[in-house]
2 protein chains.
Amino acid sequence: MATKRALRPTSKVLPEDGRAHNRAMLLQHLFHTGPASRAELARVTGLTRVTVSDLAASLIADGLVAELGPRAEGRVGKPGTRLRLRTDAFQIVAIDLTADTRLHGAVLDLSGDRKARKDVAVEGLDGDEALAAVLEFARELVALADRPLLGVGIGSPGVVDAHGTVIQAPNRGWYGVGLAETLSRALSLPVHVANDANAAVLGEFTFGAASASGVLVVTVGQGVGAGIVVDGALVRGHGDAAGELGHVTVVDERDDVDHAPLGRAQQCACGRRGCLETVLSVPALRHRIAGLDAAERDVALAAVGRRLGVALAPVVSALNLSEVILSGPPELLGGPLRDAALRTIRERTIPVIGTGLDLRMTRLEEDGTLLGAAVLVLSAELGFG
Amino acid sequence: MATKRALRPTSKVLPEDGRAHNRAMLLQHLFHTGPASRAELARVTGLTRVTVSDLAASLIADGLVAELGPRAEGRVGKPGTRLRLRTDAFQIVAIDLTADTRLHGAVLDLSGDRKARKDVAVEGLDGDEALAAVLEFARELVALADRPLLGVGIGSPGVVDAHGTVIQAPNRGWYGVGLAETLSRALSLPVHVANDANAAVLGEFTFGAASASGVLVVTVGQGVGAGIVVDGALVRGHGDAAGELGHVTVVDERDDVDHAPLGRAQQCACGRRGCLETVLSVPALRHRIAGLDAAERDVALAAVGRRLGVALAPVVSALNLSEVILSGPPELLGGPLRDAALRTIRERTIPVIGTGLDLRMTRLEEDGTLLGAAVLVLSAELGFG
DNA sequence: GCGCGTTAGGAAGGGCAACTTACAAACGTG
DNA sequence: CACGTTTGTAAGTTGCCCTTCCTAACGCGC
């Protein structure tokens with residue numbers, strides 16, 4: 001009987017908001033399912049053919065949709081003229097600020113295809129300097145676009161609020177930096193910012209065919225982050241800090257539980273000991289396996305995977321996730337580490353939770369955050385993703 | 001710049017849906033903030049005074065709202081006539097099926113005040129028998145109502161989907177039982193069902209003043225369950241099984257990490273070993289402290305609290321929760337167990353997560369699930385909670 | 001006492017969004 | 001080739017919220 005509940009109807013809804021929503025539905029469907037006639041769209045959405053025609057006209061006028069000629073298949077009745085999303089008509093600038101020493105960016109079209117890319121090495125920029133460097137970098141990317149730009153999407157390390165203000169990013173020396181507002185003003189374009197791991201999960205969700213009902217992406221690089229989508233929405237958390245998994249304690253003092261000891265809890269950059277980051281970050285993993293032979297290596301990686309599994313089991317259980325995705329160097333994460341993590345989660349959760357779970361490497365290679373940054377723009381400007 | 005994103009615009013929105021939403025906003029505000037004039041409501045919601053007047057008229061016509069005379073305070077201008085929610089005008093039947101041997105129910109008004117209650121002892125009913133008993137119990141409660149009923153809300157153990165079908169509830173022998181549909185047909189009333197712990201978190205949220213942005217309720221009784229609200233919405237999970245925290249492994253073999261050993265991992269009813277339920281359920285806790293003096297007792301309870309903290313730390317971190325609420329016998333949970341759990345979570349998470357966190361006992365005593373069941377009805381029938 | 005500015009509530013009229021009904025065009029089928 | 005089917009559009013209706021205007025009720029200052 002229960003259908004849908006908005007626990008907090010927080011802001012007014014006008015008829016025009018409904019129309020915007022319905023327009024986005026059409027785009028969403030064309031984006032995910034490909035070309036379709038007005039009549040098909042009407043059947044799928046539940047709107048009438050008349051209304052869909054009207055909405056389609058506005059989309060065509062905006063240059064977002066184009067007619068594609070009638071369908072060839074022989075069926076009864078007048079063949080419908082199929083509509084397609086003009087994924088080539090607009091472009092998006094996407095920027096990944098994850099790395100400490102490189103700025104990574106691209107110009108993408110609406111289907112996520114890379115039209116141009118740009119990488120720049122930077123050295124230990126801090127505070128305003130770093131902000132200026134990002135702005136300059138964004139300017140250069142904007143200049144590379146050869147179609148109208150929908151906006152700029154940025155995945156940044158640190159805690160980022162819904163308005164695109166970086167609440168804190170210690171590595172950059174950013175505290176309360178209005179990144180979106182600053183860039184938006186300077187570039188005269190919409191700018192959307194999210195935490196890099198949160199962006200990554202959006203990328204997986206839209207371009208990696210991840211499940212809508214419950215995904216967690218673990219990003220492993222210099223540090224460890226996570227982004228979560230449950231029930232079709234990104235989890236932001238009380239202080240916009242959702243996904244801070246890198247600094248959960250996973251190695252206790254005198255920890256010899258799993259017959260493949262990790263040694264004593266290591267000091268972490270955050271000042272505490274035994275954080276997930278101290279065993280799962282790329283530098284930590286490389287250091288751990290340095291000089292080991294293949295067999296020893298597998299044991300060492302599995303031990304880390306087991307720790308990851310122990311930390312993830314309560315999260316997977318609590319949220320009834322259907323998918324956990326690892327993003328990072330596949331030679332480190334893809335083998336014994338992944339296997340051990342999945343096995344551990346299955347062992348430590350009740351079958352109803354663990355059985356339906358998949359744990360896999362990303363299929364987006366290194367572009368998850370970049371694509372996710374584009375999704376920020378897609379969903380904010382066009383209402384879908 | 002980013003404002004709000006609906007990652008999955010899934011169904012059409014008509015102007016009348018917008019109106020329903022706006023109506024619910026008014027009710028929501030009157031419910032949580034108390035009486036207000038039309039002009040105040042217009043300012044708060046962003047709607048015009050004209051529109052609010054029109055919506056208010058429809059609410060008055062429906063008997064949900066009444067005028068309350070002008071405000072006494074002397075201020076410039078014409079004093080507005082305040083509107084109040086008629087919390088006494090309708091009633092809700094709420095049923096808590098958590099206990100194995102008792103049916104627990106009440107007739108509540110819209111403010112959660114109990115107008116009648118009913119408890120019935122049942123003995124090991126299974127399958128269809130149990131279903132018949134619940135229906136009969138609901139009938140009796142419906143007969144106790146002396147105002148028009150909005151509907152029936154039920155908190156049930158097990159996995160319950162959004163349509164009120166109990167996917168599985170092993171203790172009841174229910175597998176795929178259309179509880180909501182069956183009762184709705186028999187009673188000719190709207191019936192809404194949710195997992196008992198999920199209902200409990202809704203109860204805390206609406207009647208316990210819990211944070212909207214991130215709460216987790218741990219229900220401790222015969223078993224252990226959990227319900228989660230993040231970003232203002234209940235978490236359902238991929239298979240509607242979100243909150244299954246009771247069967248996460250928390251005690252490993254050879255576990256002597258915390259100098260207050262819990263002994264070897266105990267066998268759990270689910271067939272595995274070392275589940276949270278084997279140390280945190282009420283029977284397990286009572287068994288553990290039986291015959292201990294006060295000091296030993298505190299140590300034993302703290303050891304369990306520490307285990308709970310270890311399991312919750314990754315969840316709190318991943319979701320950036322602001323509140324964890326314990327529901328169950330305060331003499332077991334409220335003291336050293338709570339303290340140890342909170343301390344453990346703080347130790348094992350980065351300060352940005354742990355500092356803002358509160359972990360406390362429920363203030364709803366044993367009625368969390370019952371009130372939550374009422375919230376199911378409130379939010380489904382009137383659109384607020 | 002009396003105008004004046006301010007606030008609350010309602011009435012009238014307009015614009016927009018989706019609906020229903022009706023129709024022409026284009027296609028297979030018998 | 002008539003017929004039913006399907007598509008897309010045109011015309012008119014209904015519903016919802018808006019802007020604009022008006023009246024009522026209050027405090028304030030002269």
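Numbers restart at 1 for each chain; the letters A, B, ... are given by sequence-line order, proteins then strands.
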Task: All side chain to side chain donor-acceptor pair (under 3.5 Å) counterparts of A:Asp54, not counting sequence neighbours - done: A:Arg19

Considering residues at least two apart in sequence or located in another chain, which fulfil the salt bridge (Lys or Arg N to Asp or Glu O under 4.0 Å) criterion with [X]?
X: B:Arg147; value: none
X: B:Arg114; value: B:Asp367
X: B:Arg86; value: none
X: B:Lys115; value: B:Asp109

Partners passing side-chain contact (heavy atoms from CB on, under 4.5 Å) against [X] (at least two apart in sequence or in another chain):
X: A:Ala186; value: A:Leu135, A:Arg139
X: B:Arg185; value: B:Glu181
X: B:Ser53; value: B:Arg38
X: B:Asp240; value: B:Val159, B:Asp161, B:Arg236

Review item, nucleotides 16-19 of chain C N/O atoms under 3.5 Å of protein N/O:
residue: C:dA18; atom: OP1; partner: A:Asn22; partner atom: ND2; Å: 2.8
residue: C:dA18; atom: OP2; partner: A:Arg19; partner atom: NH1; Å: 2.5
residue: C:dC19; atom: OP2; partner: A:Thr48; partner atom: N; Å: 3.3
residue: C:dC19; atom: OP2; partner: A:Thr48; partner atom: OG1; Å: 2.9
residue: C:dC19; atom: OP2; partner: A:Thr51; partner atom: OG1; Å: 2.5

TODO: Could you tell me whether the phosphate oxygens of D:dT9, OP1 or OP2, come under 4.0 Å of any side-chain nitrogen or oxygen in A:Arg38?
DONE: yes

Task: DNA chain D contacts among residues 56-68 of chain A, heavy-atom distance under 4.0 Å - done: none

- [ ] Indicate yes or no for a side-chain donor-acceptor contact from B:His21 to the backbone of A:Ser11 under 3.5 Å, with no hydrogens or angles considered.
- [x] yes

Contacts under 3.5 Å, N or O only, protein and nucleotides 2-7 of chain C:
residue: C:dT7; atom: O2; partner: B:Lys78; partner atom: N; Å: 3.0

